[in-house]
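The structure under discussion appears below in the form of structure tokens.
A quick note: this is a predicted structure, and the numbers were derived from the prediction, not measured. When a residue number appears, it is its place in the shown sequence, counting from 1.
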Amino acid sequence: HFHGERVEREMLDQTDLAILRLLSTNARLTWKEVGEQVHLTGQAVAGRITRLQDLGVLKGFTVEVDQERLGRPLLAFVTVFMKSTDHEGFRTFLAGQSEVEEAFRVSGEGCYWLRVRCASQQELTTFLDRTLRFGNYRVNLNLGQVK
């Protein structure tokens with residue numbers, strides 16, 4: 001899961017990778033708790049984490065929110081097929097759409113892949129209608145996460 005330039009990758013050792021795995025599992029671990037797992041002091045872990053941030057390998061710490069419990073149970077994967085070259089306009093549009101959790105420009109079939117979370121079928125339809133001014137789309141609905 002950890003990609004970067006080859007130079008950065010060579011600068012990481014097994015302990016760095018173990019720290020990243022632990023934090024990926026639970027970003028709320030204290031440096032002391034991480035240190036106990038990788039056989040370092042909490043202070044040494046703090047130094048390594050600072051270095052990983054400086055290298056750009058560790059970009060931040062996040063919170064995972066259960067969107068279904070917040071009233072947004074419908075998850076759709078939308079492939080957008082642009083009908084114009086107004087990619088900047090489309091990206092500006094996406095930035096203002098709270099339904100869009102993730103957006104990727106992709107190769108292969110389609111131009112963009114969107115992860116869209118909605119409260120209802122009607123909310124999804126409204127989002128898709130707004131998307132039509134940029135291109136056509138294909139929608140796949142989530143039936144359940146397996147990993």
Side-chain angles (χ1 to χ4, degrees), residues 1-82 87-128 130-131 134-147:
H1 294 295
F2 308 108
H3 302 286
E5 292 183 30
R6 185 178 179 137
V7 174
E8 291 175 356
R9 177 76 176 171
E10 290 173 356
M11 296 168 88
L12 304 181
D13 63 18
Q14 292 303 312
T15 302
D16 291 328
L17 296 175
I19 290 170
L20 291 170
R21 275 192 297 278
L22 287 166
L23 292 176
S24 294
T25 303
N26 182 359
R28 295 187 69 185
L29 290 171
T30 66
W31 299 163
K32 181 182 178 200
E33 290 169 328
V34 172
E36 289 169 359
Q37 295 288 320
V38 298
H39 311 293
L40 292 175
T41 65
Q43 186 175 358
V45 168
R48 282 179 177 257
I49 288 173
T50 298
R51 188 174 128 271
L52 290 168
Q53 289 173 310
D54 291 345
L55 287 171
V57 173
L58 184 56
K59 297 193 296 187
F61 298 86
T62 63
V63 173
E64 187 175 342
V65 176
D66 186 331
Q67 292 293 333
E68 287 188 37
R69 290 182 187 249
L70 288 181
R72 298 180 91 179
L74 185 61
L75 176 59
F77 303 101
V78 179
T79 304
V80 177
F81 303 84
M82 296 289 288
H87 291 271
E88 186 175 330
F90 183 63
R91 288 192 293 269
T92 299
F93 164 77
L94 290 177
Q97 304 305 303
S98 63
E99 303 93 333
V100 179
E101 291 185 326
E102 294 180 294
F104 300 91
R105 186 154 184 197
V106 296
S107 63
E109 187 177 359
C111 301
Y112 289 89
W113 179 88
L114 313 176
R115 179 183 168 109
V116 179
R117 177 73 70 170
C118 296
S120 66
Q121 182 69 45
Q122 182 56 50
E123 187 178 303
L124 176 61
T125 299
T126 301
F127 168 77
L128 294 171
R130 290 191 310 264
T131 304
F134 297 98
N136 294 320
Y137 58 80
R138 184 185 70 229
V139 178
N140 292 293
L141 296 178
N142 173 46
L143 299 177
Q145 187 169 352
V146 296
K147 182 174 179 185

Discussion item. One pair to check against side chain to side chain contact (heavy atoms under 4.5 Å, CB included): Leu12 and Leu55. What are the steps and the verdict?
Written reply: CA-CA 10 Å; Leu12 304 181; Leu55 287 171; 4.1 Å; yes

Item to complete: Take Phe90 and Val80, measure what side chain to side chain contact (heavy atoms under 4.5 Å, CB included) needs, and give me the verdict at the end.
Response: CA-CA 10 Å; Phe90 183 63; Val80 177; 3.9 Å; yes

Worksheet entry | Contact summary for Ala119 and Pro73, nearest pair of heavy atoms | O-CD, 3.7 Å

Fill in: Close side-chain approach of Ile49 to Leu23, heavy-atom, < 4.5 Å
yes

Worksheet item: Where do Glu88 and Thr92 land on the side chain to side chain donor-acceptor pair (under 3.5 Å) test, with the steps shown first?
Response: CA-CA 6 Å; Glu88 186 175 330; Thr92 299; 5.4 Å; no

Worksheet item: Closest approach of Lys147 and Gln145, non-hydrogen atoms and distance?
Response: O-NE2, 2.8 Å

Discussion item. Quick check on salt bridge (charged side-chain N to carboxylate O under 4.0 Å, His left out): which of Arg117, Arg115, Arg130 does Glu99 satisfy it with?
Written reply: Arg130

Worksheet item: Going from SG on Cys118 to CG on Leu128, what distance comes out if it is rounded to the nearest 0.5 angstrom?
Response: 7.5 Å

Worksheet, complete the sentence: Residues Glu33 and Thr30: closest non-hydrogen pair is OE1-N, 2.8 Å

Worksheet item: Any idea how Trp31 and Phe61 line up, ring-wise: parallel (<30°), tilted (30 to 60°), or perpendicular (>60°)?
Response: tilted

Worksheet item: So how far is it from Met82 CE to Arg105 CZ, rounded to the nearest 0.5 Å?
Response: 8.0 Å

Item to complete: Return the orientation label for the Phe93 and Phe127 ring planes: parallel under 30°, perpendicular over 60°, tilted otherwise.
Response: parallel

Discussion item. Under the rule for side chain to side chain contact (heavy atoms under 4.5 Å, CB included), what residues qualify as partners of Gln121, not counting sequence neighbours?
Written reply: Leu74, Leu124, Thr125

Fill in: Leu114 versus Ala103, closest heavy-atom pair with distance
CD2-CB, 3.5 Å

Worksheet entry | Side-chain heavy-atom pair Arg138, Phe77 within 4.5 angstrom cut-off | no

Practice prompt. Go through the steps to decide whether Asp16 and Arg51 satisfy the test side chain to side chain contact (heavy atoms under 4.5 Å, CB included), and finish with yes or no.
Written response: CA-CA 10 Å; Asp16 291 328; Arg51 188 174 128 271; 3.3 Å; yes

Worksheet item: Checking side chain to side chain contact (heavy atoms under 4.5 Å, CB included) for the pair Leu75/Glu101: CA distance, chi angles, key distance, verdict?
Response: CA-CA 10 Å; Leu75 176 59; Glu101 291 185 326; 4.1 Å; yes

Worksheet item: If you take all heavy atoms of Thr79 and Glu109, which pair is closest and at what distance?
Response: CG2-O, 3.7 Å

